[in-house]
Novice: 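Structure in structure tokens, see below.
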Amino acid sequence: MLILIAAILGAVLALGLDIYIPSVISRYVAIAIIAALDTILGGTSAIYEKRFNFIIFITGLVGNALLSAVLVFIGQKLGVDIYLAAIVVFVMRIFKNIAIIRFHIVEKYEQNKLAKTGKNTQETVETD
Amino acid sequence: MLNNKAKITMAIVVFFLSFTVTLQIKTVVKNESSQLKQYQRIEEIQKDLIKEQERAIDLEKQLLQANNDLNTYRKEAEENSTDSKAMSSEVERYKVLAGLTDVKGPGITVTLNDSDKKIDASQDASSYIIHDSDLRTVVNELSSAGAEAISINGERIIATTEIRCVGPTIVVNSNKYSPPYIIKAIGDPAMLEAALNIKGGIAEELRFWNIEFSIVKSNRVEIGKYNGIVNFKYAKSAEKKN
């Protein structure tokens with residue numbers, strides 16, 4: 001699928017270029033990545049539940065990433081490990097969203113299976 | 001179920017995310033490996049240090065042994081009277097180290113002079129003149145900075161030299177001197193100068209009381225020999241002759 005290609009392309013490009021993330025912002029980029037991952041999975045689960053909203057997705061993506069980076073920065077200045085709480089929240093939501101996606105995929109698969117067996121019995125009835 | 005708009009948006013977003021994630025992983029791996037290299041380097045240096053220390057101990061043992069051998073040979077030469085040349089060069093060496101010869105080399109020349117500031121009667125005049133303790137401090141600083149030969153107004157400082165004040169003058173090697181005092185020292189000019197100029201040091205202190213204190217570095221400082229007679233009446237050699 002297109003998304004898979006996009007992911008591979010991104011990774012290959014990053015490996016190929018001799019560029020690194022400046023170590024000063026490295027820790028903030030790390031937490032922003034977790035936030036973005038959570039938002040993307042949230043968006044995907046919204047697609048499966050037919051409630052995808054483009055604006056909410058984009059604003060959530062950029063907003064969460066920036067907000068988490070800012071929170072971690074403030075936490076560092078205050079001497080409080082805020083990044084720990086951010087990690088807990090995001091990973092929790094990642095698990096929840098993956099569960100929703102898994103549910104819908106399995107449901108679809110089972111519906112397809114049910115439809116196929118339903119068609120088979122119908123055909124056998126007709127040919128009789 | 002996935003309309004095209006969502007698909008394309010997702011693809012773009014996932015592209016950027018995977019790009020960033022890969023960059024981040026690259027950076028973290030690089031930082032960790034460089035930290036690891038630093039630890040390895042520290043371990044290496046520690047090992048080298050221990051090796052060098054062991055070597056130093058070995059060399060000291062060798063030096064001790066060589067000195068013992070030297071003494072033995074010297075004793076034999078004395079008895080056989082064959083190597084008087086070695087002996088006389090030995091004596092020459094000791095004369096230089098004892099300050100009994102003229103020497104030259106890189107070093108500094110320090111000039112001290114009393115303050116010419118006019119002070120009224122209410123101030124303590126003694127703070128504005130040079131004391132024997134000041135000269136002793138300068139000599140001490142120079143020695144601790146590695147000076148190998150020091151002289152004050154031409155008087156070579158040797159092991160038995162005194163620096164004492166008698167009234168308004170200073171006595172060195174039983175000779176009287178008055179300011180200006182010219183102190184010469186042979187050693188590493190930069191180190192000698194630095195030792196005098198340290199913060200809170202003798203130069204700062206004397207300059208505070210307006211005493212002239214000038215330091216001139218030179219590649220060729222000449223210091224004369226000790227002119228007096230060295231004669232020990234009380235101290236006798238304690239070297240064991242074996």
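Every heavy atom of this structure was used, including side-chain atoms; hydrogens, water molecules and symmetry mates were not. So that the names make sense, note that chain A is the first sequence line, chain B the second, and so on, each numbered from 1. From a predicted model like this one, the values you see are computed outputs, not experimental measurements.
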Novice: Which residue out of A:A36, A:A65, A:A11 racks up the most heavy-atom pairs below 4.5 Å with chain B?
Specialist: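 Sorted descending by pairs with chain B, the first entry is A:A11.
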
Novice: Between A:L61 and chain B, which part of the residue has a heavy atom less than 4.5 Å away: side chain, backbone, both or neither?
Specialist: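 Only the side chain of A:L61 comes within 4.5 Å of chain B.
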
Novice: What distance do B:L17 atom CG and A:L37 atom CG have between them, rounded to the nearest 0.5 Å?
Specialist: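 Separation between the atoms: 6.0 Å.
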
Novice: Is it true that, when you exclude B:R55 itself, more than 12 heavy atoms of the residues, nucleotides or ligands shown sit nearer than 6.0 Å to its CZ?
Specialist: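 At most 12 heavy atoms, drawn from other residues, nucleotides or ligands, come within 6.0 Å of this atom.
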
Novice: How close do A:S26 and B:Q24 get, heavy atom to heavy atom, and via which atoms?
Specialist: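 That would be O-NE2, 2.9 Å.
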
Novice: Is the side chain of B:K26 donor-acceptor paired with the backbone N or O of A:Y20 at a distance under 3.5 Å, no angle test?
Specialist: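 Side chain of B:K26 to backbone of A:Y20, a donor-acceptor pair under 3.5 Å: no, none is there.
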
Novice: Within the supplied structure, the quantity of interest is the number of heavy atoms (other residues, nucleotides, ligands) at a distance under 6.0 Å from B:N219 CG; does it exceed 12?
Specialist: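 No, CG of B:N219 has 12 or fewer neighbouring heavy atoms, counting only those of other groups under 6.0 Å.
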
Novice: Side chain from CB out, backbone as N, CA, C, O: work out which of these in A:T39 comes under 4.5 Å of a heavy atom of chain B, or both, or neither.
Specialist: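 Contact with chain B is absent: no heavy atom of A:T39 under 4.5 Å.
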
Novice: Using side-chain contact (heavy atoms from CB on, under 4.5 Å) as the criterion, point out the one residue from B:L23, B:N31, B:I25, B:V28 that pairs with A:I21.
Specialist: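 That would be B:L23; it is the only one of B:L23, B:N31, B:I25, B:V28 passing the side-chain contact (heavy atoms from CB on, under 4.5 Å) with A:I21.
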
Novice: Does any non-hydrogen side-chain atom of B:F19 lie less than 4.5 Å from one of A:L9?
Specialist: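 Answer no - side chains too far apart.
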
Novice: For B:R93, look at atom CZ and say whether over 12 heavy atoms of other residues, nucleotides or ligands are found less than 6.0 Å away.
Specialist: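 No.
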
Novice: Taking all heavy atoms of A:A7 and all of B:S18, pick out the closest pair and write down the distance.
Specialist: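 Smallest heavy-atom distance, with atoms named: O-OG, 2.6 Å.
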
Novice: Determine the sole option in A:V12, A:L15, A:L13 for which the side-chain contact (heavy atoms from CB on, under 4.5 Å) test with B:T22 is passed.
Specialist: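 Filter result, single survivor: A:L15.
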
Novice: Count the heavy atoms belonging to other residues, nucleotides or ligands that lie under 6.0 Å from OH of B:Y177, then report whether that count exceeds 12.
Specialist: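 Check passes, neighbour count above 12.
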
Novice: So what's closer than 4.5 Å to chain A heavy atoms on B:T20: side chain, backbone, both or neither?
Specialist: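 Both parts, backbone and side chain.
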
Novice: Which heavy atom in B:M10 sits nearest to a heavy atom in A:G43, and how many Å separate them?
Specialist: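 Residues B:M10 and A:G43, closest heavy atoms: CE-C, 4.0 Å.
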
Novice: Between A:V29 and B:T27, does a side chain to side chain contact (heavy atoms under 4.5 Å, CB included) hold up when you go through it step by step?
Specialist: CA-CA 11 Å; A:V29 170; B:T27 310; over 6 Å; no

Novice: Using non-hydrogen atoms and a 4.5 Å limit, figure out which bit of A:I58 sits close to chain B: side chain, backbone, both or neither.
Specialist: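 For A:I58, the contact with chain B is made by the side chain alone.
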
Novice: For side chain to side chain contact (heavy atoms under 4.5 Å, CB included), just list the numbers for B:V13 and A:F57, CA-CA rounded to whole Å, side-chain angles, deciding distance to a tenth of an Å, and then say yes or no.
Specialist: CA-CA 10 Å; B:V13 167; A:F57 177 64; 4.0 Å; yes

Novice: Considering residues, nucleotides and ligands other than B:L63, do more than 12 of their heavy atoms fall under 6.0 Å from its CG?
Specialist: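 Counting other residues, nucleotides and ligands, CG of B:L63 exceeds 12 neighbours.
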
